[in-house]
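What follows is a short report on a single structure.
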Amino acid sequence: MAGRLTRRTRVTRFDPAATTVQREDTLAVEEPLEIRVDGRSFSVTMRSPGDDFDLVAGFLVSEGVVWSAEQLVSLRFCAGTDDQGLQTFNVVDAQLSADTAPPDLSLERHVYTSSSCGICGTASIEAVEKATHFGHADDDRTWSAELIGSLPDRLRNHQKVFDRTGGVHAAGLFDAAGDLLCLREDVGRHNAVDKVVGWALREGHLPLRGTTLQVSGRASFELVQKAHMAGIPVLAAVSAPSSLAVEHAEAAGMTLVGFSRGGAFNAYAGAHRIT
């Protein structure tokens, strides 16, 4: 699977000196993944191949379908082949436990979601604001400003696929000591977060109390919502949050950090957790 993360291609390099050079470049691979639940198609997302079971598990947490490892009986790749008849590993079926309600497929939802948006096609914003099983009001762990400010560099030091391609996002889960618990990279920033959350679900770590999720891009509403559904109290981003992201973080009792660069950052919500 690791070999499918990147692909080599020939490019022609132009520069201001009016010289051209042909050389090889490394691209991040982007392929579709169909997510099935109990054999029924639920969604298709564009993603970086790899950690697909984590992606599906995290996606189901974000959708409010599951919130504990016991609810996810199995994950398996289904039949799917390319033009050469080789397995593509681009279809995953999730089997839920007998007492877990299947997702509501009656909502008007596009089957396809792009790598830039994980909630495009959902019928309405109200349908996205799902009730979580994990609250944040009693998660009173505090974080030093110095530690929060150091997380982007700690994340960047482990972005191996980005080093090779420059074309993927990253999400890293850190504990209160600043130790990296899990890092995932993907062409879609929402996929990277889902992969982290899915890892936590499968390892039995939900809710993720006392953790911070550091992301490499901006803090959109969908990322705040995914962190909220996983019980993550602190979300930090290197770029700006949206207005809806701030509103959702405030309503959820989360801490939201943006423009985290060079040790400085803005706290848009939940500044009481930062000392």
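- Between the side chain of Gln225 and the main chain of Ser62, a donor-acceptor pair closer than 3.5 Å is present.
- Between Glu70 and Ser97, the closest side-chain pair of non-hydrogen atoms is not below 4.5 Å.
- More than 12 heavy atoms of other residues, nucleotides or ligands shown are found within 6.0 angstrom of CZ on Arg8.
- Under the ring pair (Phe, Tyr, Trp, His ring centres under 6.0 Å) criterion, Trp67 pairs with His133, sequence neighbours left out.
- Inter-residue side-chain proximity for Leu33 and Val91 is flagged as unmet; no heavy-atom pair is nearer than 4.5 Å.
- In this structure, Leu173 CG and Lys195 NZ are separated by 16.0 Å, a value rounded to the nearest 0.5 Å.
- Considering every non-hydrogen atom in both Ser220 and Arg189, the closest pair reads OG-NE, 4.0 Å.
- For Glu146, the CD atom counts as loosely surrounded, since its 6.0 Å shell holds 12 or fewer non-hydrogen atoms of other residues, nucleotides or ligands.
- With a 4.5 Å cut-off on side-chain heavy atoms, Val92 and Cys78 do not count as touching.
- Follow the hydrophobic side-chain contacts under 4.5 Å out from Phe59 and you reach Leu206 in the same cluster.
- Checked against Arg47 for a side chain to side chain donor-acceptor pair (under 3.5 Å), the options Asp194, Asp52, Asn191 give a single hit: Asp52.
- Remark: Asp25 does not engage Arg10 in a salt bridge, criterion side-chain N to carboxylate O under 4.0 Å.
- Counting heavy atoms from C-beta outward, Asp139 and Met254 have side chains that stay 4.5 Å or more apart.
- Arg141 is linked by a salt bridge (Lys or Arg N to Asp or Glu O under 4.0 Å) to nothing, counting only residues two or more places apart in sequence or in another chain.
- Glu185 contributes atom CD, which lies 5.5 Å from atom CD of Gln159 (distance to the nearest 0.5 angstrom).
- In this structure, CG on Asp186 lies 6.5 Å from CG on Leu55, to the nearest 0.5 angstrom.
- Under the 4.5 Å side-chain criterion, counting only non-hydrogen atoms from C-beta, Asp38 is not in contact with Arg40.
- At most 12 non-hydrogen atoms from other residues, nucleotides or ligands lie less than 6.0 angstrom from NE2 of His158.
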Salt bridge (charged side-chain N to carboxylate O under 4.0 Å, His left out) assessment of Asp163 paired with Arg156: CA-CA 9 Å; Asp163 285 340; Arg156 181 66 184 85; 2.7 Å; yes
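- In this structure, the side chain of Asn157 engages the main chain of Asp153 through a donor-acceptor pair within 3.5 Å.
- With respect to the salt-bridge test (charged N to carboxylate O, under 4.0 angstrom), the residues Arg202 and Asp51 do not qualify.
- The line from CZ of Phe221 to OG of Ser243 is 11.0 Å long, rounded to the nearest 0.5 Å.
- For the atom pair CD1 of Ile232 and CG of Leu213, the computed distance is 4.5 Å after rounding to the nearest 0.5 Å.
- Put simply, the residue from Phe77, Trp199, Phe89 that forms a ring pair (Phe, Tyr, Trp, His ring centres under 6.0 Å) with Phe53 is Phe77.
- Atom-to-atom distance recorded for Leu96:CG and Gln71:CD is 8.0 Å, nearest 0.5 angstrom.
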